[in-house]
Amino acid sequence: MSRCATCLCTAPTTACDTRRALFASRVSHSLATVRSVARRQGVVLRPLAPGLLEAEGDDLPALVTEVAAALSSVESAEVRCLLTGATGSGPDLLVQALTAPSLAAAAARLRHADLVPLFADEEARFHAEYQPIVRMDDGGVVGHEALLRATGVDGARIMPDQLFPAAEEAGWTHVLDRVGRTTAIRDAGPWLAEDLLFINFVPTSIYRPEVCLQTTERAAEKAGLRLDQLVFEVTEGHVVDDVDHLARVFEHYRSRGCRVALDDLGSGWSSLALLVRLKPDIVKLERAIVQSLPEPAAVAVVSAVVDITHSYGGLVLAEGVETEEQARVARELGADLGQGWLWGRPVRPTTAVAAVPTRALPGTAPDPSWPDAAVALDPRAEQPQEPARPADRDLLARAVGLTGSSVVVVDALAPDMPIVYVNDAFAEVTGYPAEDSVGRNCRFLQGPETDRAALDELAAALRAGQPHRTTLLNVRRDGTTWWNELHLSPLRDAGGQVTHFVGFQHDVSDRVAAEEALRERAGTDPLTGTLNRTALLSELDRQVRSPGAGPVVLFVDLDGFKRVNDRFGHTVGDLALGAVADRLRSVVRGGDLLARLGGDEFVLVLGEVDVPADDDGPSSALAGALAAAHRVAADVERVLAVPVELPGGPVTIGASVGVAVHPADGETPADLLRAADLQMYRAKARRAHARATADRPV
C-alpha cells in the first residue's frame, strides 16, 4: 500500500481477537452503564485510573457492541474505547485510551470488519468505473468521472452506497477517500490519453492538503498523467463546517495545476455562498434538478447557476441527463458540459484505448486566474549554471512579450525592489510603457483606496521570499481603477538566494464587479429593493458590537394589508408593498437603514441620533434616542396615512410602529427586534382601543 508521509490512515485495523478492552470517559453515568452491561455478560471490570476501566475476556466485541447499543448516541461519541493486545497499565496505555476511537466508531469497526481485508489488498480489491463527460454543443468527449467500486473476499460486488456509509461510521472515510483518488488515477493511466479525469473527494478527510495529497500526486506521476488533467470535485452533500479549510484544499489543488469542481449544486448546503467563496472551475448541477427540466422551477435554478458561474468564467455541467429533451433545455439555458446515460453509463475499461487528439473544453480562452503556460515559472527550479546565450534570452523575452498576461519582474537585491522588466501587456493594462515603469517600485500603481491590509501581507511575502497571491485595487495612468489579481513568484539563484520576483497580473475588474453585484442581490429584498432579513441581521450585529451608541430600531407593521391582497390579489399587493417601501424611504436619512423582514413587516434602523445639549449620561442619551425614534415613527404613520393609488383604486394602508433602543431594550439583534415587535403590538392595541372608544355611542 502507498504511504502518506508516515500517516496511519493507510492501515485501518480492528482487533476482533483481542482479549483486552479499555473504556475511558469523563462522564460517570456513562461508565456506570458500561459496568451494568459487563455484569450482565459476566465480564469483570477493573479500574485502572479515574475514568478508565479495563475489561478482559474472550468475547469483548460482543461487550463493545452491547454497550454502544445501551448508551445514547451522544454518550457513545464521548466514551473512548481501545481494543488492544498491549499489557501493563502505564501512562502510555492511558494516553492510548484517552485518544482511542469513540465507542460508536469502535462498535462500527467491529460491524464492518469485512472492510479491513479490502484495504489490506487495495490494488486487487478496488477498481474504478468511468462515465463520459461531453461538450453540450457537439457531444465530443472531454473527460470521464471515476466511480469507486470494490470486490469483497467472497467475490461479491460492493457499491459506493455501501462502502462510504460503513467507512464513515467506522472513522475510515479518510482511508477510503485516499483509495478512491489513487485508484481512479491508477486505472485511468493506461487509456486516458489527453482527456480530463474527474475524481470525487471528501474534504473532511483531508487534514493538511500539502501532506495528505502527496499520495495523489505520486499516483499521477506513476500513472503517467499530468496534474492539469485532473479535476477534483467535492460533493456538496458532504457538509463542510470549515469552509476556510475547503478553500485551502481547493487552493492547493489549483496551485498544482489541477481544476476543482463543486458537485450536486442545488441539493446541498449554502450553494450561493460556496459559489461566491470558492468560484469552482466547474459547477455540476444536481441530477434531480436536471431531470426535472423543463419544469419552470428547474429552469429558474439552472438559469441562476449558469449566470453566476459564467460571471467569473466557470463552466456548468448538467449531470444525470437521460433524454434528448433534458439535453436540449440544459444546452439552451447555457450548460457547457453534460454527463448521463444519454451519452454513456459507467464502465470499467478492459483494454487500453487508442490515443485521441486533445479535446478542448468549451471556451478555450486563457484562464484569467492563472499565469499563461508560456511564462509559468517554477520558483523551486535551479537556475542554469552557465549564462544563457543571447539567442535564448531573446527568445524568452519575445515569448514573455507575446503572452496575454501582464508580466512584471522586480530586482529583489536592489534597494526598494525596482522594476527591471515589463511586457507589452503590462503597458496595455496600466497605461505605463516600459520607459515609465522600469526603475520604479510597483507602489506607483497603488491608490488611496488600495487595501492596506492586503499590501501588508504582500510586503511580508516579499520580505520572506515566499510566493503570494492577492487581489488589489490599482490605478492606471489615466486615473481609472482596475482590480489586479497578482500571482507573485520568487526566483532563486543556484545558492537558493531570491534574486528577483516575477508578478503575473490579470485585470479581474469584471469578476469583482459581478461578485459585488451578487453580494448586493443576496442582501436585497427583490420585491421592494430594501435590505432583506439576512442583511438586516448582519448589519444590526455589526452595530451592537461597535463602540458608542447602539442602534435604534423601529418595527413597522402595516394595518389592514391583508384586505388589499384579498380584494385585489397578490400582484396588486406586491405593488402596494413597493409603494410603501418608497414612502418609508422618504422619511429615512442617509445613514439610516430600511429592510423588509417579510410579509408586511418593515424595520428601520436609525443612524446617528442627536444627544440633548444638557447631556448627563446614559439616561439623557436614551431620552434623545427615544425622542428621535418617536419623531420618525410619527413621520412613518403620517406618510402611510395617505391613500395609495393602485390599479383597482386608492387604498389606505396604515401602520403601527414599535421602538427599541440598544442596550436598554436588548443587547442582541434578536432581542431588539423582539422588543420592538412587542412595542408595535402594544401600539396596534392602543390604536384599536382608541377607534373603538371613538365609535362607541355616548
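None of the values given here were measured: they were computed from a predicted structure. Quick note: numbers below take in every heavy atom, side chains included, and nothing from hydrogens, waters or symmetry partners.
Residues Val636 and Leu584 meet the side-chain proximity criterion, which asks for heavy atoms closer than 4.5 Å. Considering only heavy atoms from C-beta on, Pro650 stays 4.5 Å or farther from Val644 through its side chain. The closest side-chain heavy-atom distance from Val605 to Asp592 is not below 4.5 Å. The side-chain heavy atoms of Glu78 and Ser25, taken from C-beta on, include a pair separated by under 4.5 Å. By the 4.5 Å heavy-atom criterion applied to side chains, Tyr312 and Asp510 are not counted as neighbours. Within the 4.5 Å cutoff, the side chain of Leu536 has heavy atoms near those of the Val603 side chain.
Judged purely by atom type and a 3.5 angstrom limit, Arg476 uses its side chain to pair as donor or acceptor with the backbone of Thr481. With Thr33 contributing its side chain and His29 its backbone, the two residues share a donor-acceptor pair below 3.5 Å. The closest donor-acceptor contact from the side chain of Ser538 to the backbone of Ala535 lies at 3.5 Å or more, if one exists at all. Without hydrogens or angle criteria, Asp263 side chain to Glu233 main chain gives no donor-acceptor distance under 3.5 Å. Using a distance-only test at 3.5 Å, with no hydrogens or angles considered, no donor-acceptor pair links the side chain of Thr450 to the main chain of Asn474. Looking only at distances, a side-chain donor or acceptor of Ser76 sits under 3.5 Å from a matching main-chain atom of Ser72. No donor-acceptor pair closer than 3.5 Å links the side chain of Asp541 to the backbone N or O of Leu537.
Between the CG atom in Leu540 and the CG atom in Leu672 there is a gap of 6.5 Å [rounded to 0.5 Å]. Taking CG from Leu527 and CG from Asp574, the interatomic distance works out to 4.5 Å, rounded to the nearest 0.5 Å. Atom CG of Leu640 sits about 9.5 Å away from atom CG of Asp559, to the nearest 0.5 Å. How far CG of Leu462 is from CG of Leu488: 5.5 Å, rounded to the nearest 0.5 Å. Atom CG of Leu531 is separated from atom CZ of Arg596 by 13.0 Å, given to the nearest 0.5 angstrom.
Ala633 and Leu554 make their closest contact through N-CD2, 3.7 Å (heavy atoms, listed as atom of the first residue, atom of the second, distance). Closest approach of Arg583 to Val639, counting heavy atoms only: NH1-O, 3.0 Å. The nearest pair of heavy atoms linking Ala655 to Glu637 is O-CG, 3.9 Å. The two residues Gly465 and Phe501 make their nearest non-hydrogen contact at CA-CZ, 3.8 Å. Among all heavy-atom pairs drawn from Pro280 and Phe250, the shortest one is CB-CE2, 4.3 Å.
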Check against salt bridge (Lys or Arg N to Asp or Glu O under 4.0 Å), Asp635 and Arg631: CA-CA 6 Å; Asp635 289 339; Arg631 285 196 300 270; over 6 Å; no

Does the pair Thr668 and Asp671 meet the rule for a side-chain hydrogen bond (donor to acceptor under 3.5 Å, both in side chains), with working shown? CA-CA 5 Å; Thr668 68; Asp671 291 340; 3.0 Å; yes

Derivation and outcome, salt bridge (Lys or Arg N to Asp or Glu O under 4.0 Å), residues Asp456 and Arg452: CA-CA 6 Å; Asp456 291 342; Arg452 310 315 300 178; over 6 Å; no

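Checked against a 6.0 Å centroid threshold, the rings of Phe555 and Tyr681 do not count as neighbours.
Atom CZ of Arg477 is surrounded by more than 12 heavy atoms from other residues, nucleotides or ligands within 6.0 Å.
The ring pair (Phe, Tyr, Trp, His ring centres under 6.0 Å) contacts involving residues 441-485 comprise Tyr432-Phe444, where partners must be two or more places apart or lie in separate chains.
Classification of the Phe232-Tyr253 ring pair by plane angle, with boundaries at 30° and 60°, yields parallel.
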